[in-house]
2 protein chains.
Amino acid sequence: MSESKTNSDLSFDFDFLDKLVVGIGEVSQITGIPPRQIRYWEEKGIITSLTEEEGKNRRYNYENIKKMLLIKELLDEGYTLDASAEKVKNRMKMIEETLNKLQNKKD
Amino acid sequence: MSESKTNSDLSFDFDFLDKLVVGIGEVSQITGIPPRQIRYWEEKGIITSLTEEEGKNRRYNYENIKKMLLIKELLDEGYTLDASAEKVKNRMKMIEETLNKLQNKKD
DNA sequence: TCATAAATTGTAAATTATTTACAATTGCAA
DNA sequence: TTGCAATTGTAAATAATTTACAATTTATGA
């Protein structure tokens with residue numbers, strides 16, 4: 001009785017989002033960014049993955065994916081990769097805060 | 001200029017959900033259901049995947065994952081697999097309808 | 001134009017993850 | 001105990017990803 005999981009409708013699933021961690025192939029399909037490019041961005045430190053150990057497959061969460069989509073948009077607008085990454089930082093903070101508020105609505 | 005993608009906040013991402021298609025490993029991590037069990041359910045026709053061709057890796061969308069979670073809950077409550085599947089059908093219809101409403105809010 | 005750096009892309013060999021198929025095991029009810 | 005439902009185990013083959021080294025394309029300033 002300690003936790004309620006009525007889950008009556010999709011109201012919406014922030015615990016689902018929290019568990020959502022996917023591989024590079026899925027991210028590529030979702031975002032339209034080729035795997036090779038995703039690896040390159042990560043190699044440059046523009047994005048990070050949740051990968052446990054070297055050699056194991058890369059893992060990305062919702063925030064990672066969101067970030068890639070934002071960077072992609074800015075690149076299309078003509079920003080450089082570094083400039084895009086810098087600009088996206090602020091947006092990411094807002095997204096993080098929003099997610100936190102929605103998840104730990106403890107008050 | 002034909003399509004607007006301001007994407008100002010997460011308001012919330014039903015187009016993201018629409019593109020969200022993941023492999024069996026991810027589903028297993030998300031749901032806590034072992035891959036072997038997921039394959040078994042699929043083999044029995046309880047669930048379906050979006051897999052393109054035989055031999056290729058299985059692909060699941062949000063509805064598939066949601067369905068598995070619901071079935072898992074009912075199994076825990078003591079229902080048989082078939083009974084769980086039957087019961088879940090109704091819930092799935094509602095979820096589908098809700099998703100459709102939220103996605104094609106064309107009116 | 002030329003040089004230089006940024007950004008992306010190509011690919012081979014090794015590794016990881018998944019598939020299928022056949023089989024064994026477990027739990028439960030008659 | 002028997003029989004069925006449900007799950008689990010696993011080997012061999014295949015699919016997908018990793019790393020590493022390299023080539024190519026694109027933008028930008030001298």
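Order of the sequence lines sets the chain letters (A, B, ...), proteins ahead of strands, with each chain counted from 1. Model, not experiment: these values are computed from the prediction.
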Tell me, do A/I71 and A/L75 make a side-chain contact under 4.5 Å, heavy atoms counted?
-> yes
Please list residues of residues 45-61 of chain A whose heavy atoms come under 4.0 Å from any atom in DNA chain D, ordered by number; otherwise none.
-> A/G55, A/K56, A/N57, A/R58
Quick one: CD on B/E26 to CZ on B/R59, what's the gap to the nearest 0.5 Å?
-> 7.5 Å
Is any side-chain heavy atom of B/K66 closer than 4.5 Å to a side-chain heavy atom of B/R91?
-> no
To the nearest 10 degrees, what angle separates the axes at the start and end of the helix from C/dT1-D/dA30 to C/dA30-D/dT1, five pairs each?
-> 30°
Please tabulate the protein-to-nucleotide N/O contacts below 3.5 Å involving nucleotides 2-7 of chain C, giving atom names and distances.
{"from": "C/dA7", "atom 1": "OP1", "to": "A/L81", "atom 2": "N", "distance (Å)": "2.8"}
{"from": "C/dA7", "atom 1": "OP2", "to": "A/K44", "atom 2": "NZ", "distance (Å)": "2.9"}

Under 4.5 Å between any side-chain heavy atoms of A/T51 and A/N57, yes or no?
-> no
Can you list every pair that meets salt bridge (charged side-chain N to carboxylate O under 4.0 Å, His left out) and has a residue in residues 43-52 of chain A, with sequence neighbours left out?
-> A/K44-A/D82
Hey, are the side chains of B/N64 and B/K67 touching, using non-hydrogen atoms and a 4.5 Å cut-off?
-> no
How far apart are the closest heavy atoms of A/V27 and A/I65, and which atoms are they?
-> CG2-CG1, 4.1 Å
First and last nucleotide of DNA chain D, 5' to 3', lying under 4.0 Å from heavy atoms of chain B | D/dA6 to D/dA16
Interatomic distance, A/K72 atom NZ to A/I38 atom CD1 [nearest 0.5 angstrom] = 10.0 Å
Should A/M92 and A/E63 count as side-chain neighbours, where that means a heavy-atom distance under 4.5 Å?
-> yes
Identify whether B/Y60 and A/I30 are in the same connected component of the hydrophobic contact network (ILVMFWY, side-chain heavy atoms under 4.5 Å).
-> yes
Contact check, side chains of A/Y40 and A/L81, non-hydrogen atoms, under 4.5 Å = yes
Quick one: CD1 on B/I47 to CD1 on B/I33, what's the gap to the nearest 0.5 Å?
-> 7.5 Å
Using a strict 4.0 Å threshold on nitrogen-to-oxygen distance, state whether A/K93 and A/E96 make a salt bridge.
-> no
Which residues in residues 22-30 of chain A have at least one heavy atom lying under 4.0 Å from any atom of DNA chain D?
-> A/I24, A/G25
Do A/E86 and A/K89 meet the salt-bridge criterion of a basic N to acidic O distance under 4.0 Å?
-> yes
Are A/L17 and A/L69 joined in one hydrophobic group, where the rule is that I, L, V, M, F, W and Y side chains link up if heavy atoms are under 4.5 Å apart?
-> yes
